[in-house]
Amino acid sequence: MNESQSTTIEQSVRKIRSVLRPMYPDGEVEGFIRIIFRHVLHYEPVDILLRKDTVLPDFIVDKINKVVSELQERRPIQYVFNEARFHGHDFYVDESVLIPRPETEELVDMIVDENRSSDLSVLDAGTGSGCIAVSLALALKFAEITAIDISEAAIGVARMNAERLKAKVGFLCQDMLDMPAVSGKYDIIVSNPPYVAEGEKKEMDGNVLDYEPGAALFVPDDDPLRYYRALSDYGKSALKYGGRLYFEINSRFPDEMKALLEGDGYENVELRRDMQGLWRFVRACKRKE
Ligand code: GLN
């Protein structure tokens, strides 16, 4: 047998480690390995060990090499395989949408925990991949969910996710800064709008800056709350009495967020921290008439 021409699972794993460990933390590399073998061979993590002596066909070795070289370019693995896990579901993602973040799962949990009644009417502004809207549609009872995004491409991705996950969501290509007036329509308006100030770019990872859509992330330094101001104003009429706003926010501006929402007449404005202890969410209630 000619060893040099055949690659076993074990050898392949070693090679992936040696190429990626200089660039990524060890734990992340092990995560990559599990994801690669799941996608390329439909292996569970235990199979990687049990079948370590299995020889890989050349086309599989080529596939793995291609993935590893994309990871060397710091392309996020969710884009490499067009898949991101969020709130227990697998979402299709590509470079036209942000990769769903774990913090945003906390936002979904918060809404599900606090809104147990059925038939809620919900708006998700700036839906991106649709992760919030679709997860809410699957978790809330008989909710009517509308999701908007300014990006045509994002709406295409979000719609595909709703179809694949069998979630009932209505989609619209719409700028949240320019919403048509409606009155007393929604119980909940949720948003994770762009909130990273341009000036914060230098603290961000290259893989975010190079691959994720800037339009979904950044706001001008001189107006970092622009999307919140627009949605807060919109909510004054678009929410039902007693309706609620739920936002993911930039942890640098909790006080400004609270002042903005209280200034617009919202009650019980509550800031909340994320799992890392950062001010990451705000909830506000429209007065009950
Ligand atoms: N949490 C994201 C990040 O830090 C930003 C999300 C957003 O701008 N809405 O990359």
Side-chain angles (χ1 to χ4, degrees), residues 24-25 28 74-80 84-87 91 93-111 122-136 147-151 153-155 157-158 161 174-177 179 188-232 234-235 245-254 256-257 260-261 271-284:
Y24 295 96
E28 205 168 335
R74 297 208 166 269
R75 185 157 181 230
I77 195 155
Q78 294 91 339
Y79 290 148
V80 173
R85 192 138 181 102
F86 182 86
H87 213 254
F91 285 82
V93 291
D94 62 28
E95 272 95 334
S96 64
V97 299
L98 215 62
I99 297 166
R101 308 284 202 265
E103 304 87 274
T104 311
E105 294 182 325
E106 294 181 64
L107 181 68
V108 170
D109 282 336
M110 217 176 272
I111 296 172
V122 182
L123 173 70
D124 173 23
T127 197
S129 64
C131 61
I132 296 175
V134 168
S135 301
L136 287 177
I148 63 160
D149 203 287
I150 194 171
S151 153
I155 287 293
V157 167
N161 280 318
Q174 169 75 47
D175 182 356
M176 72 173 102
L177 296 176
M179 301 289 281
I188 293 170
I189 297 175
V190 54
S191 186
N192 172 23
Y195 62 64
V196 182
E198 296 276 351
E200 294 177 84
K201 265 189 188 172
K202 46 189 180 303
E203 297 147 38
M204 291 174 77
D205 285 346
N207 57 350
V208 174
L209 292 174
D210 293 345
Y211 293 97
E212 297 204 82
L217 286 167
F218 297 111
V219 282
D221 285 329
D222 61 2
D223 192 12
L225 304 186
R226 69 192 300 197
Y227 293 103
Y228 302 102
R229 191 171 317 106
L231 290 174
S232 171
Y234 178 68
L245 296 176
Y246 286 89
F247 296 147
E248 184 174 320
I249 65 168
N250 187 325
S251 61
R252 287 169 61 217
F253 304 116
E256 291 85 342
M257 277 301 323
L260 165 68
L261 293 163
L271 293 161
R272 293 174 186 171
R273 296 179 196 269
D274 63 16
M275 262 174 321
Q276 296 184 61
L278 298 169
W279 293 117
R280 183 62 67 205
F281 315 102
V282 68
R283 191 219 49 199

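Keep in mind it's a predicted model, so treat the numbers as computed, not measured. Numbering of residues begins at 1 and proceeds along the displayed sequence. Remember, it's 1-based here, ligands and their atoms both numbered in the order they're listed.
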- Query: Taking atom types as modelled, is there a side-chain donor on Glu200 or Asn250 under 3.5 Å from an acceptor on the other?
  - Reply: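 Yes.
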Protein residue, atom and distance nearest to atom 3 (C) of ligand 1, heavy-atom basis
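Atom 3 (C) of ligand 1 sits closest to the protein heavy atom Arg101 NH2, 3.6 Å.
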among protein heavy atoms, the one nearest atom 1 (N) of ligand 1 is Tyr195 OH, 3.0 Å
pair Val108-Phe86: side-chain heavy atoms closer than 4.5 Å:
yes
At a 4.0 Å cut-off, with the gap strictly under it, does some heavy atom of Ala216 reach an atom of ligand 1?
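Distance cut 4.0 Å: Ala216 passes for ligand 1.
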_ligand 1 contacted by Glu212 (non-hydrogen, < 4.0 Å)_ = no
Return yes or no for this condition: an N or O of Pro193 is under 3.5 Å from an N or O of ligand 1. yes
Pull out every atom of ligand 1 sitting under 4.0 Å from any heavy atom of Pro194, numbered as shown with elements.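 Contacts of ligand 1 toward Pro194, numbered from 1: 8 (O).
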- Item | Which of the ligand 1 atoms, numbered from 1, are nearer than 4.0 Å to a heavy atom of Glu103 |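 In order of numbering, the contacting atoms are 1 (N).
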### Task
Kindly check if the number of other-residue, nucleotide or ligand heavy atoms within 6.0 Å of CD (Gln276) is above 12?
no
- Task: Report yes or no: is the cationic atom of Arg74 (NZ for Lys, CZ for Arg) closer than 6.0 Å to the six-membered ring centre of Tyr24, at no more than 45° off its axis?
- Result: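 Because its charged atom sits under 6.0 Å from the ring centre and within 45° of the axis, Arg74 does stack over Tyr24.
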* Asked: Any donor and acceptor pair, going by atom type alone, linking the side chain of Ser191 with main-chain N or O of Ala125 inside 3.5 Å?
  ->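 Yes, Ser191 side chain to Ala125 backbone: donor-acceptor pair under 3.5 Å.
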Test side-chain contact (heavy atoms from CB on, under 4.5 Å), reference Pro100, set Val93, Asn192, Ile132, output is Val93
